[in-house]
Structures are given as structure tokens and as C-alpha cells.
Amino acid sequence: MDPQRQERRKQDFKKSFVKQEERGKRREEVNKISKEKREKIISSKRIKLEGESSWTEEQLAQILLSLRSSDIQIRQSALSNLRQILSCNNDAPIQQTIDGGAIPILLQFLADNGNKQGVLDATWCFTNLAYGNQEQTSLTLPAVPYLISFLSSDDPQLQEQSSWGLANIAAESIQFRDHLRSLGAVPPLISLLRSTHNNTVIQTASFALSNLVRGANPNLKELFD
């Protein structure tokens, strides 16, 4: 083989190797940045815990089936059980609950003003579903108008839970924060802080507001109007 040609092939191989190595480093850097960004988002979310609940696939399947019962007591019991298993730290079956078709049923509970416990339990479920990843959190957006309206409730537990749900949704992305603000989430949170003496509600509403103004260009005007 021509020595010059052989040398060119060696140089081409070296260049190709260097390029592959550089691409590998860039991928590692992108993955590192993505991981750090996700960890930062997660650190701005909180899961609502309840005891030391555990669950199995069979139990979850039965709960999701019972949520469709025509018997309101069976449905309410299933909702309470779902709330409990969604409160397992680091083990909440968020995707399984979504895949099982629970979200439309949970929205029905939110709309049932005559069932206070059902409204509270469903709000709790949405709070912990919004602890998931961006795609999972996006599926909780239809609950936002209900959560905002519940801030004006006379029930401190519901006020706290609604604030918490909004906080988790707001933590996910600028787009979600803009969506919450466009639906009017900020004024009732501020009104809640001004009107309540419940320390837990104050802390959670403050948590929600802090997430709503996160980011490079937070809109602070609403906080001072």
C-alpha cells in the first residue's frame, strides 16, 4: 500500500476516534445536566405521606376496579385506599394508577361537592400524582381549576391539600407555572395567606407561591397588586 495513503487512513481513523470520544463526552454532559435538572425539580416537590403504606399489583388492580363500582360506599373506600398507596414514599404507583384509568374518576370526585371526604381524598391523590415526572404531572392539569377553587374553601385540610397540589404542578416547568397563573392561582393563594391563622396552611400556601415564581423570569407583579 502507498505509504502516504496508509498514513492518511491512520489520520482519518484517529480523527474518527477523537470525534466519537467527543460525542461521548457531550452525551455524558447532557445526561448529567438533565439528571441535575430533574433532581432540582424533584427537590421542589413534596409527596404527601401517610403512615407506612405498602401495596401489591393485585391490591392496586382491585382498587382501580372498585373505583368503577356503582356503589358509592365501595367507590369511597377504594378512593381512600388509593390515597394511602399513593402516599408510599419512593414507591407510589403513579404510572400504574394513570394506566389504570383513575384520573377521569378522580376528576368526578373533585366535581362532587356533596362528598367532602371524596373531594379531599381525590385532591390528595392528585397532589401525589403530580409528584411524578413531567408527562405524569401534565395529566393532572385538568384538576387545576378545582384545586384553585378549593383554596377558598372553609376546610383547612382541603386548603392545605389544594395548595400542595398546585405547588407540585408549579415545580415541574415554566410552562406549567404560566398555565397556573393564567388560571388565576396566585390571588387566592395570597388571600389565603392573609386570611388564615392555620400554620400548616400558611406553610403550604407559601410553598405553592414560591414554586409559582421560580425560574429565570418570575412574574412578581401579581404578588404586589
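Atoms considered below: every heavy atom in the structure, side chains included; atoms not considered: hydrogens, waters and symmetry mates.
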Practice prompt. Provide the full list of salt bridge (charged side-chain N to carboxylate O under 4.0 Å, His left out) pairs with a residue in residues 92-118, sequence neighbours left out, each pair given once.
Written response: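 Checked against salt bridge (charged side-chain N to carboxylate O under 4.0 Å, His left out) - neighbours excluded - no pair reaches residues 92-118.
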Note, [X] side chain near [Y] side chain (heavy atom, < 4.5 Å):
X	Y	value
Gln159	Leu151	no
Phe126	Leu106	yes
Leu141	His179	yes
Leu193	Leu209	yes
Trp55	Gln84	no

Any donor and acceptor pair, going by atom type alone, linking the side chain of [X] with main-chain N or O of [Y] inside 3.5 Å?
X	Y	result
Thr140	Thr137	yes
Arg177	Leu212	no
Ser77	Gln73	no
Asn128	Leu86	yes

Check the side chains of [Y] and [X] for a donor-acceptor pair under 3.5 angstrom, ignoring hydrogens and angles.
X	Y	result
Thr127	Gln161	yes
Gln62	Ser66	yes
Trp124	Ser87	yes

How close do [X] and [Y] get, heavy atom to heavy atom, and via which atoms?
X	Y	answer
Ala130	Ile169	CB-CG1, 3.7 Å
Ile148	Pro188	CG2-CG, 3.9 Å
Ala205	Leu192	CB-CD2, 4.2 Å
Leu79	Ala122	CD2-N, 4.0 Å
Ala167	Asn211	O-ND2, 2.9 Å
Leu60	Pro93	CD2-CB, 3.8 Å

Spacing of [X] atom [atom1] and [Y] atom [atom2] [to the nearest 0.5 Å]:
X	Y	atom1	atom2	result
Thr97	Leu82	OG1	CG	5.0 Å
Thr123	Leu158	OG1	CG	5.0 Å
Asn81	Gln59	CG	CD	8.5 Å
Ile190	Ser195	CD1	OG	12.0 Å
Gln203	Asn199	CD	CG	6.0 Å
Phe109	Gln117	CZ	CD	10.5 Å

Fill in: Hydrophobic cluster identity match, Leu183 and Leu166, side-chain contacts under 4.5 Å
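Yes; tracing contacts between hydrophobic side chains, which count when under 4.5 Å, links both residues.
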Using the side chain to side chain donor-acceptor pair (under 3.5 Å) criterion, which residues pair with [X]? Sequence neighbours excluded.
X	result
Asn198	none
Ser138	none
Asn115	Gln76

Worksheet item: For Gln136, which residues count as a side chain to side chain contact (heavy atoms under 4.5 Å, CB included) partner, sequence neighbours excluded?
Response: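 So Gln136 forms a side chain to side chain contact (heavy atoms under 4.5 Å, CB included) with Ile94, Gln95, Ile98, Asn133.
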Practice prompt. Start with the C-alpha distance between Arg75 and Ile105, add both sets of side-chain angles, then the distance that settles side-chain contact (heavy atoms from CB on, under 4.5 Å), and finish with yes or no.
Written response: CA-CA 10 Å; Arg75 293 178 70 226; Ile105 300 173; 4.0 Å; yes
Fill in: Sequence neighbours excluded, every pair satisfying side chain to side chain donor-acceptor pair (under 3.5 Å) that has a member inside residues 142-157
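Not a single pair qualifies under side chain to side chain donor-acceptor pair (under 3.5 Å).
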Practice prompt. Quick one: do Phe207 and Asn168 satisfy side-chain contact (heavy atoms from CB on, under 4.5 Å)? Show the steps, please.
Written response: CA-CA 9 Å; Phe207 167 48; Asn168 278 353; 4.2 Å; yes
Item to complete: Test the Arg181-Phe176 pair against the cation-pi criterion, namely NZ or CZ under 6.0 angstrom from the six-membered ring centroid and within 45° of the ring axis.
Response: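 Not flagged: Arg181 not positioned over aromatic ring of Phe176.
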